[in-house]
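Worksheet: the structure to be examined is printed underneath.
Quantities reported herein were computed from a predicted structural model and do not represent experimental measurements. By convention here, the first residue in the shown sequence is residue 1.
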Amino acid sequence: MAKVSSEFQQGGQGMRRYRLLIFICFAAGCIAGCGFQKEILLTGRTMGTTYHIKVVAGYLTHTSRLQNKIDQRLKQINNSMSVFIQDSEISRFNALNQAGKPVRVSDDFYGVMIMARELFRLTDGAWDGTVGPLINLWGFGDAGRQGGIPEKEKIFALKADVGFDLIEMDGENLLSKKNPAVRLNLSSIAKGFAVDEVEAVIKSQGIENCLVEIGGEVKASGRKLDGTRWKVGVNTPGKNSPLNQVYEALGLENKALATSGDYRNYFEKNGITYSHIIDPRTGSPVADTVVSVSVLSDSCAFADGLATAVMVMGVEKGLDLVNALTGVECLIVVREAEGLLTDHVSNGFRHYLLSL
């Protein structure tokens with residue numbers, strides 16, 4: 001009898017431990033995924049700028065581990081596509097001085113090159129990843145400010161070395177040059193690509209709701225903690241506008257936003273303003289009244305490149321292209337002669353606007 005009682009008592013203790021274990025597991029599951037969530041902010045530096053990331057995750061999320069994964073991915077991308085890193089993939093390609101010699105590159109690099117080729121085709125050369133030498137000539141690139149306006153002869157000479165069609169690509173991650181003087185600079189889409197890849201890292205950790213921003217390029221996935229769309233601001237396009245001054249507010253869900261403008265990087269000569277936005281086809285800064293272009297797309301890399309291209313293309317051609325693309329919208333801001341700003345928007349852009 002005593003033996004039965006003892007076994008029953010031990011069984012009862014085991015059952016209580018089992019129930020306690022179930023309760024602990026159930027409570028942890030609720031905290032992690034049943035409404036007990038919080039908004040986590042991660043910040044850091046990459047690509048010569050800053051990043052700000054918000055994730056909606058459970059209280060048990062290992063924040064430092066997540067940020068380490070993000071930083072490692074950003075380092076990989078930087079080591080591939082930064083022209084400021086001497087032994088990066090892009091620097092090694094640029095140093096190649098032999099036409100026709102194939103160089104094998106990483107999946108990251110080749111994937112960005114595929115998108116670059118498509119942007120070059122879609123925009124009839126208004127976006128061109130080989131325009132770097134002309135940007136340097138005008139004093140806006142990695143060579144730093146040189147001052148003055150380049151001679152037409154120098155512009156014409158450099159144009160012979162500019163053209164994305166001077167690069168051969170095949171399906172085996174191989175790149176080669178038709179002209180050994182051609183140089184790549186993918187900075188106008190690399191930042192957007194990094195945004196896309198950081199979002200992918202976050203989603204790989206089981207987190208579906210996040211907002212990723214790197215140097216002003218943004219991608220919103222899912223929704224905020226309160227269930228509303230992520231609120232993102234477009235900066236006021238003015239030479240003296242504060243960085244936090246909002247021109248338009250947008251509500252985003254599963255969408256990327258990239259903005260290009262002429263009001264931050266420019267110089268003035270004889271009363272004329274020369275922006276860093278160079279038309280690859282003419283070799284000179286764009287002489288249009290467009291001051292800002294914001295593009296919405298599923299891909300931040302694509303939005304990043306297209307925003308630059310539309311700055312070059314102008315209002316009419318830019319809107320025609322964007323309206324012909326599925327899932328892409330844009331806001332083009334023009335400065336009129338009297339200094340007033342006028343908005344030109346694609347067919348579906350107003351769907352994203354919020355009241356300020």
Rounded distance [0.5 Å steps], CG in L66 versus NZ in K69: 8.5 Å
Considering all heavy atoms, the nearest V55-C210 contact: CG1-CB, 3.8 Å
Carboxylate-amine/guanidinium proximity below 4.0 Å for E168 and K178: yes
For V182 against G163, the heavy-atom pair lying closest together: CG2-O, 4.3 Å
Connected via hydrophobic side-chain network under 4.5 Å: L166 and I189: yes
Any side-chain heavy-atom pair of P280 and W127 under 4.5 Å: no
Test item: R335 side-chain N/O and T289 main-chain N/O as donor-acceptor pair under 3.5 Å: no
Salt bridge E151-K154, side-chain N to carboxylate O under 4.0 Å: no
Any donor-acceptor N/O pair, D196 side chain to A301 backbone, under 3.5 Å: yes
V295 to C330 - nearest heavy-atom pair and separation: CG2-CB, 4.1 Å
E336 vs T342, side chain to side chain donor-acceptor pair (under 3.5 Å): CA-CA, chis, key distance, verdict: CA-CA 7 Å; E336 306 295 348; T342 303; 2.8 Å; yes
Minimal non-hydrogen separation, P133 against T130, with atom names: CD-O, 3.3 Å
Smallest separation among heavy atoms of L41 and K54, with atom names: CD1-CG, 4.0 Å
Heavy-atom check, side chain of P180 versus side chain of Q98, under 4.5 Å: no
Audit row: S106, E89, side-chain contact (heavy atoms from CB on, under 4.5 Å) steps and yes/no: CA-CA 8 Å; S106 66; E89 284 190 283; 2.7 Å; yes
OG on S88 to CD1 on I77, rounded to 0.5 Å: 13.5 Å
Donor-acceptor under 3.5 Å (R104 side chain, P102 main chain): no
Salt-bridge criterion met for K191 and D304 (N-O under 4.0 Å): no
Rounded distance [0.5 Å steps], CE in M81 versus CD in Q76: 10.0 Å
Chi angles and distances behind the side-chain contact (heavy atoms from CB on, under 4.5 Å) call for R350, V345: CA-CA 8 Å; R350 296 192 188 281; V345 298; 3.7 Å; yes
Check: E213 side chain, G215 main-chain N or O, donor-acceptor pair, under 3.5 Å: yes
Step-by-step side-chain contact (heavy atoms from CB on, under 4.5 Å) determination, M169 to S176: CA-CA 7 Å; M169 301 171 57; S176 61; over 6 Å; no
Joint cluster assignment, V195 & L186, ILVMFWY side-chain distance < 4.5 Å: no
Side-chain heavy-atom pair I277, S260 within 4.5 angstrom cut-off: yes
Gap between atom CD1 of I214 and atom CD of E197 - 0.5 Å precision: 10.0 Å
Test item: L174 and V105 side chains (from C-beta on) under 4.5 Å apart, heavy atoms: no
Same apolar cluster: I53 and Y59, side chain cutoff 4.5 Å: no
Side-chain heavy atoms of K317 within contact of T123, under 4.5 Å: no
R229: which of L252, L250, L354 passes side-chain contact (heavy atoms from CB on, under 4.5 Å): L354
Backbone of C300 reached by a side-chain donor or acceptor of S297 within 3.5 Å: no
Flag, side chain of N179 to backbone of A99, donor-acceptor distance under 3.5 Å: no
Spatial distance of atom CE (M115) from atom CG (L122) [nearest 0.5 Å]: 10.5 Å
Test side-chain contact (heavy atoms from CB on, under 4.5 Å) applied to V56 and I207, step by step: CA-CA 7 Å; V56 178; I207 299 171; 5.7 Å; no
Note, Y352 side chain near L296 side chain (heavy atom, < 4.5 Å): yes
Rounded distance [0.5 Å steps], OG in S188 versus CE in M311: 12.5 Å
hydrophobic_cluster_shared for V315 and M313, side chain cutoff 4.5 Å: yes
Exam field: side chain K177 to backbone F93, donor-acceptor pair closer than 3.5 Å: yes
Polar side-chain atom of W230 near backbone of S221 as donor-acceptor pair, under 3.5 Å: yes
D298/K255 ion pair, N-O < 4.0 Å: yes
Donor-acceptor contact below 3.5 Å, side chain N254 vs main chain G222: yes
Close side-chain approach of I155 to S284, heavy-atom, < 4.5 Å: yes
Shared hydrophobic cluster for L137 and F156 (ILVMFWY, side-chain gaps under 4.5 Å): no
Donor-acceptor under 3.5 Å (D128 side chain, F164 main chain): yes
Contact check, side chains of I202 and V212, non-hydrogen atoms, under 4.5 Å: yes
Heavy-atom pair of closest approach, residues L257 and S294: CD1-CB, 3.9 Å
